[in-house]
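Heavy atoms only: backbone and side chains are in, while hydrogens, waters and symmetry mates are out. Quantities reported herein were computed from a predicted structural model and do not represent experimental measurements. Both ligands and their constituent atoms are indexed starting at 1 by order of listing.
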Amino acid sequence: VKRRILICGGGNGAHCLSALAASRENLDVNVLTLFQDEAERWTKLLEDNDLKISVTYNDGTESEILSKPSIITKDPAKAVEGVDIVFLVVPAFAHAQYFTTITPYLQPNTLIIGLPGQAGFEFQCRSMLGKKASTCTIASLESLPWACRILEFGKHVQILGFKESLGMSFLTGSECNLSFPVVETVQEVLGEKPHIQVIENYIAVNLMAKSIIHPPLLYGKWGDWDGTPVPEKPLFYQGIDEIQAELLSKVSDEVLATAKELAKLRNGCDMSEVIHIFDWYKIYYKDQVADKSSLMMAMRTNKAYDGLVHPMTPTEDGKFVPDFNYRYTSEDVPFGLVVMKGIAEIAGVETPTIDKIIAWAQTKLDKEYIVGSKLTGKDIASARAPQSYGLHTIDELFNM
Ligand code: NAD
């Protein structure tokens, strides 16, 4: 039997998943992209061609995959028809738009997957699906399975590497009876790599979101900046100094303290997946990091970060100023740090470093999420903390 799946999005990840999934014999693939005229353009480009993925496997071998989705559309009714798995493969700020658009057409017993979910995915999905949420299962993968980029829109995408393993958590709605096993089915869609690792507790995935990295590094670098343009774009990760590393480490400590407190409050619920960012670097980038003597050195000597610079805007005289609206802040604060702060607040854990960084970043974003040490700012509804959706207690957090 053929299964029909829906992929939402039209960027790097959506291109990859569309071609990969469509190349599997037992899958029929629909694509929904709401952004500008992407659906129309992409459909035209594939009229007489297949979508091509140039793949570089981790052992260095290369191959090409050619296939194409059945339909690419902007019309949610067409896109969702007959579908029992929906993948959202867009940056976190675009999730809300897809939830709104697909909800009227969702059938009971649908699996909805954030690929990646990013922090707060489950809170937002539950809230926006309304009554339908309890008939669905909501899953979140911790990252994209591949490092990938579009070479030619609609036609050609490149996979530069596969993750070895990828964590996934899922919440089964109280009235949801899927006709298929979650993990095996998602694994079949993705293929052999990465190996999906089930994380029992969705809060652990939220606390381990990598959106904790960028804001402390930005604050450490630009928190005291006097506004003078700089002659070059500074290295983002490999230029990290002791102050920045200390800030990141403290943010990670606060997240870890939150996980420990939750485990205590919930009778030892499993939070073992939540580890310190330095430990994560040592495990995750074990072959790329040359010097593992400290968090600062691990980041400075991480080959995966070669040449990556701060997001900067050029000035008229050829210098640069930081771009505080890049996704390192515009995504990683409302869909990252604010979510973790919200979970910590519910756990009753103080987070002075996270608070300080959110307070700084929100002025740059012209938003107000935090007031003092509480998430009571006027713009909290536009972030994805539990509090953004009226969740305030441990029970509410755990009985999602
Ligand atoms: P992307 O930057 O390619 O996404 C762009 C797409 O998002 C657009 O084509 C459009 O379909 C949609 N979009 C953009 N602006 C929009 C708007 N204003 N409204 C609605 N839709 C809009 O994203 P990606 O590279 O596919 O990454 C998806 C997610 O995976 C991101 O969260 C990213 O951080 C994460 N990620 C990506 C990679 C990678 O190698 N590309 C690796 C790890 C994690």
Side-chain angles (χ1 to χ4, degrees), residues 6-21 30-43 45 51 53-56 58 69 72-74 76 79 86-102 113-121 124 128 140-168 190 193-194 205-206 208-215 236-237 280 284-285 288 302 304-305 308 311 325-337 339 382 384:
L6 171 62
I7 296 167
C8 297
N12 303 305
H15 272 63
C16 275
L17 186 63
S18 301
L20 262 185
N30 290 356
V31 173
L32 174 69
T33 172
L34 302 170
F35 187 56
Q36 297 174 350
D37 60 348
E38 266 182 1
E40 217 182 311
R41 279 197 295 139
W42 198 356
T43 302
L45 287 166
L51 173 58
I53 321 182
S54 297
V55 189
T56 306
N58 295 0
I72 302 171
T73 177
K74 205 175 183 151
V86 178
F87 286 92
L88 276 84
V89 196
V90 282
F93 68 81
H95 286 161
Q97 190 186 5
Y98 283 94
F99 291 138
T100 307
T101 313
I102 65 173
I113 307 176
L115 185 77
Q118 309 270 40
F121 181 78
Q124 184 181 46
M128 295 195 74
S140 180
L141 281 122
E142 62 186 351
S143 185
L144 258 196
W146 332 276
C148 61
R149 60 171 182 213
I150 292 173
L151 295 178
E152 195 183 351
F153 176 83
K155 286 182 157 178
H156 191 186
V157 59
Q158 184 179 27
I159 294 185
L160 303 135
F162 290 76
K163 303 226 159 75
E164 287 295 321
S165 75
L166 198 58
M168 177 173 86
L190 297 184
K193 288 267 170 72
V205 178
N206 275 273
M208 278 308 284
K210 293 304 147 325
S211 38
I212 71 161
I213 298 173
H214 300 131
F236 191 80
Y237 305 95
W280 181 81
Y284 195 82
Y285 287 113
Q288 280 107 316
N302 185 345
Y305 287 154
L308 296 175
N325 278 296
Y326 190 63
R327 61 187 168 83
Y328 289 1
T329 34
S330 62
E331 266 206 278
D332 292 349
V333 174
F335 306 102
L337 223 45
V339 181
S382 65
R384 286 211 305 205

Can you tell me how the ring of Tyr237 sits relative to the ring of Tyr305, calling it parallel under 30°, perpendicular over 60° and tilted otherwise? parallel

Quick one: sort the Phe99 and His95 rings into parallel, tilted or perpendicular, breaks at 30° and 60°.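 Tilted, since the angle between the ring planes falls between 30° and 60°.
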
Considering only the protein, which heavy-atom contact is closest to [atom], and what is its distance?
atom	value
atom 27 (O) of ligand 1	Leu144 CD1, 4.2 Å
atom 22 (C) of ligand 1	Phe35 CD1, 3.5 Å
atom 7 (O) of ligand 1	Pro91 CD, 3.5 Å
atom 12 (C) of ligand 1	Val90 CG1, 4.1 Å

Tell me whether Gln288 at atom CD has more than 12 heavy atoms from other residues, nucleotides or ligands lying less than 6.0 Å away. yes

Report the distance from atom [atom1] of [X] to atom [atom2] of [Y], rounding to the nearest 0.5 Å.
X	Y	atom1	atom2	result
Gln118	Phe93	CD	CZ	11.0 Å
Ser330	His214	OG	NE2	11.5 Å
His15	Lys155	NE2	NZ	11.0 Å
Phe162	Leu144	CZ	CG	12.0 Å
Leu308	Phe236	CG	CZ	9.5 Å

[X]: numbered ligand 1 atoms lying under 4.0 Å from its heavy atoms:
X	result
Phe93	15 (N), 16 (C), 17 (C), 18 (N)
Gly13	24 (P), 26 (O)
Ala94	20 (C), 21 (N)
Gln97	19 (N), 20 (C)
Ala147	40 (O)
Trp146	40 (O), 42 (C)
Glu38	8 (C), 9 (O), 10 (C), 11 (O)

Close N or O approach (Gly10, ligand 1; < 3.5 Å):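 N/O-N/O distance under 3.5 Å: yes.
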
Min N/O separation Pro116 to ligand 1 under 3.5 Å: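 Such a contact does not occur with ligand 1.
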
What part of [X] sits under 4.0 Å from ligand 1 if we count only heavy atoms: the side chain, the backbone, both or neither?
X	answer
Gln118	side chain
Ser143	side chain
Glu331	neither

Can you check which of Cys148, Cys16, Gly11 brings a heavy atom nearest to atom 41 (N) of ligand 1?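 It is Cys148 whose heavy atom sits nearest to atom 41 (N) of ligand 1.
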
Among Asn12, Ile150, Leu88, Leu17, which one puts a heavy atom closest to atom 1 (P) of ligand 1?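 That would be Asn12.
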
My understanding is that only one of Val89, Ile7, Leu141 makes a side chain to side chain contact (heavy atoms under 4.5 Å, CB included) with Ile113; could you say which?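 Exactly one pass, corresponding to Leu141.
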
Flag the pair Tyr98 / Phe35 as yes when their ring centroid distance falls below 6.0 Å, and as no otherwise.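 No, ring centres 6.0 Å or more apart.
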
Without hydrogens or angle criteria, can the side chains of Ser143 and Lys163 be said to hold a donor-acceptor pair below 3.5 Å? yes

